[in-house]
Amino acid sequence: MENKLTFESIKCGDKLPAVQQHLSQEDIWHFAVASLDMNPVHCSPEWCRKSQVFGIPETVQHGQMTLSLLAKVITNWAYSSGGTLKTFEAKLIKPVPVDSTCTYGGEVSELHPVKKGKDFVAVELWATDQNGDKVAVGKAQVIIPQ
Amino acid sequence: MDYMEEMAKYYTTQKQKDFTSDFLDPKQIDSYEFWDEIQIGEESEIPTKFEVKAEDLKAFAAAVPDDNPIFYDEEYAKQCGHDGIVAHPLFVTQIRFFLLQGGHGSWNRTPGARNPGQIIEYYDPIRVGDILTLKLTSYDKWIKRGKYYMRALSRIYDQYGKLKMRYYSTLILPRTKADVLRFLKGEHALEA
C-alpha cells in the first residue's frame, strides 16, 4: 500500500493528481446502466439529433458522470488513507459531448484542524475539455483521519 | 441495434434487470410529475427500499470508471481504514433513480431534463447490507433566463433510522406535460 496521507502533510495550494478521461458512447451507455439514468439525452444518438436538448445534435455525458470523475480526483488522493468526503458540490458549466476528452483536477484551498479523526480540508475542483474550456467547477470537504 | 439493446450489454445486477429503463415510453409519462405541478414543501417517504448489495457498488464504480480496489476488495478497503468496500461518492445517483420511478420525484426521468449542479452532505458511509429509505422534499423552484429550475432535498436513512446523506439535486425541466410530450417526439421544448 502506498504512503498514507496525513492531515499534517497537507498544505494549502497542494495540487491533487489529475484524472483524464476520454468519453465514448459505450462509456455513456455503461454509466447509464450503472446509474440507472437512461435518459435519451445521454443514450439515444438518434433522439439527440432531433431534439438537440443542449443545442447540439449529439449525446452528452451525464452530469453525474462529470461529478463522479471530479469525485475520483478525491477518492484517488485520499480514500486509500481512510479519507472520506464530508461535503461535495459541483456546478456544471458546459455540456460534454460524446467523444470528448476531459481533465479533472483539484487543489487544496483550506485546512480545518478540528481534532484527530475529524480534521478536514477543502479542495477546489475543476474539469476542462480538450479545448481547455471549463466544463465544471466544484468544492469538496474531505476528512483526513490520520 | 437500437440504444436499449446496446445498453443491455452492460446489465450485471438484479436492480438493473428489474428497472423500468425506457424513459421515452409514453405510457410512463402519465405517472410523472411536471415542473408546473411541483408543490414546494411537499414531502414524501418513498415506499420502496434500496437494499445495498456488493454488486450494486461494484457496478457503479466500474462505470465511472474507477478501478481503485477500495470499491471492490473488502480486505483492501479495511486495511485503508474503511468498514468494507466503499460506495462511490456519487452512488446516490443509482439509489435515487431506482427509488424514483414514478410519482413524487419522477422529474428525474423527464426527457429533456438538464443537470446544472448538485450538492451532497455525507453523514455516514453506505455499506453492503444497508436497507435505505428515501425522504424527498420539493425544496424550491424558480425561473431564470427563461428556464425552469427545481431543487429537491433527498434525505437517505438506513434501517436503523440513521441519516446517511442529504442531497440537494437541481434540474432544469420542461415546464409542462405538453412540453415533455414534445420532447418525446424529438422536438426541442425546453425554453419558455
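Within every chain, numbering begins at 1; the chains are lettered A, B, ... in the order of the sequence lines, protein sequences first and strands thereafter.
Applying the ring pair (Phe, Tyr, Trp, His ring centres under 6.0 Å) test to pairs two or more places apart or on separate chains, those with a residue in residues 94-114 of chain B are B/Phe50-B/Phe98, B/His104-B/Trp107.
Of the listed residues (B/Ala63, B/Gly81, B/Pro69), the greatest number of heavy-atom pairs within a distance under 4.5 Å of chain A belongs to B/Ala63. Among the candidates B/Ala62, B/Ala59, B/Ala61, the residue making the largest number of heavy-atom pairs closer than 4.5 Å to chain A is B/Ala62. With chain B as the partner, the residue from A/Gly83, A/Ala71, A/Ala90, A/Pro95 showing the most heavy-atom pairs under 4.5 Å is A/Ala90. When the candidates A/Ala140, A/Gly82, A/Gly63, A/Ala136 are compared by the number of heavy-atom contacts under 4.5 Å with chain B, A/Gly82 comes out ahead. In terms of heavy-atom pairs under 4.5 Å with chain B, the best-connected choice from A/Leu69, A/Thr84, A/Val41 is A/Leu69. Most heavy-atom pairs under 4.5 Å with chain B: of the set A/Ser35, A/Gly55, A/Cys48, this distinction falls to A/Ser35. Counting heavy-atom pairs under 4.5 Å between each of A/Glu26, A/Gln25, A/Gln146 and chain B puts A/Glu26 at the top. Among the candidates B/Ala8, B/Pro111, B/Pro116, B/Ser21, the residue making the largest number of heavy-atom pairs closer than 4.5 Å to chain A is B/Pro116.
Enclosure of atom CD in B/Gln39 is not indicated, since only 12 or fewer non-hydrogen atoms of other residues, nucleotides or ligands lie within 6.0 angstrom. Atom CD of A/Glu46 has 12 or fewer neighbouring heavy atoms from other residues, nucleotides or ligands inside a 6.0 Å radius. Counting heavy-atom neighbours within 6.0 Å of B/Asp2 CG, excluding the residue itself, gives a total above 12. Heavy atoms from other residues, nucleotides or ligands lying under 6.0 Å from NZ of A/Lys134 number 12 at most. Within a 6.0 Å sphere centred on NZ of B/Lys53, heavy atoms belonging to other residues, nucleotides or ligands number 12 at most.
Between A/Leu92 and B/Asn115, the shortest heavy-atom contact is CD1-O, 3.1 Å. In this structure, A/Thr75 and B/Asp66 approach most closely via the heavy-atom pair OG1-OD2, 3.4 Å. Contact detail for B/Leu90 and A/Ser68: the closest heavy-atom pair is CB-OG, 3.2 Å. The two residues A/Ala34 and B/Gln94 make their nearest non-hydrogen contact at O-NE2, 2.8 Å. Across all non-hydrogen atoms, the minimal contact from A/Cys43 to B/Tyr3 is O-CB, 3.1 Å. Minimum interatomic distance between A/Val33 and B/Tyr10 (heavy atoms only, all atoms of both residues): CG1-O, 3.7 Å.
Separating the CG atom in B/Leu24 from the OG atom in A/Ser44 is a distance of 6.5 Å, to the nearest 0.5 Å. Atom CG in A/Leu85 sits 8.5 Å away from atom CD1 in B/Ile120 (nearest 0.5 Å). Interatomic distance, CD of A/Glu89 versus OH of B/Tyr167, reported as 12.5 Å (0.5 Å rounding).
In this structure, the side chain of B/Arg114 does not engage the main chain of A/Phe54 through any donor-acceptor pair within 3.5 Å. Under a 3.5 Å cut-off, the side chain of B/Gln118 and the backbone N or O of A/Gln64 do not form any donor-acceptor pair. A/Asp37 contributes no side-chain N or O that, together with a main-chain N or O of B/Thr93, makes up a donor-acceptor pair within less than 3.5 Å. Side chain of A/Trp47 to main chain of B/Phe183: a donor-acceptor pair is present (N/O by atom type, distance under 3.5 Å, no hydrogens or angles). A/His30 places no side-chain N or O within donor-acceptor distance of the main-chain N or O of B/Pro65, the cut-off being under 3.5 Å.
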- Just do the side-chain contact (heavy atoms from CB on, under 4.5 Å) check on B/Cys80 and A/Tyr79 with the steps written out, would you? CA-CA 7 Å; B/Cys80 294; A/Tyr79 272 49; over 6 Å; no
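No option in B/Gln16, B/Arg109, B/Gln101 other than B/Gln16 meets the side chain to side chain contact (heavy atoms under 4.5 Å, CB included) test with A/Leu36.
Judged by distance alone, the side chains of B/Tyr76 and A/Ser80 do bring a donor and an acceptor atom under 3.5 Å apart. Residues B/Glu121 and A/Thr87 bring no donor and acceptor atom of their side chains to less than 3.5 Å of each other.
Cluster membership for B/Ile85 and B/Val92, using ILVMFWY side-chain heavy atoms within less than 4.5 angstrom, is shared.
Side-chain contact between B/Met7 and A/Met38 is present, with heavy atoms from C-beta onward closer than 4.5 Å.
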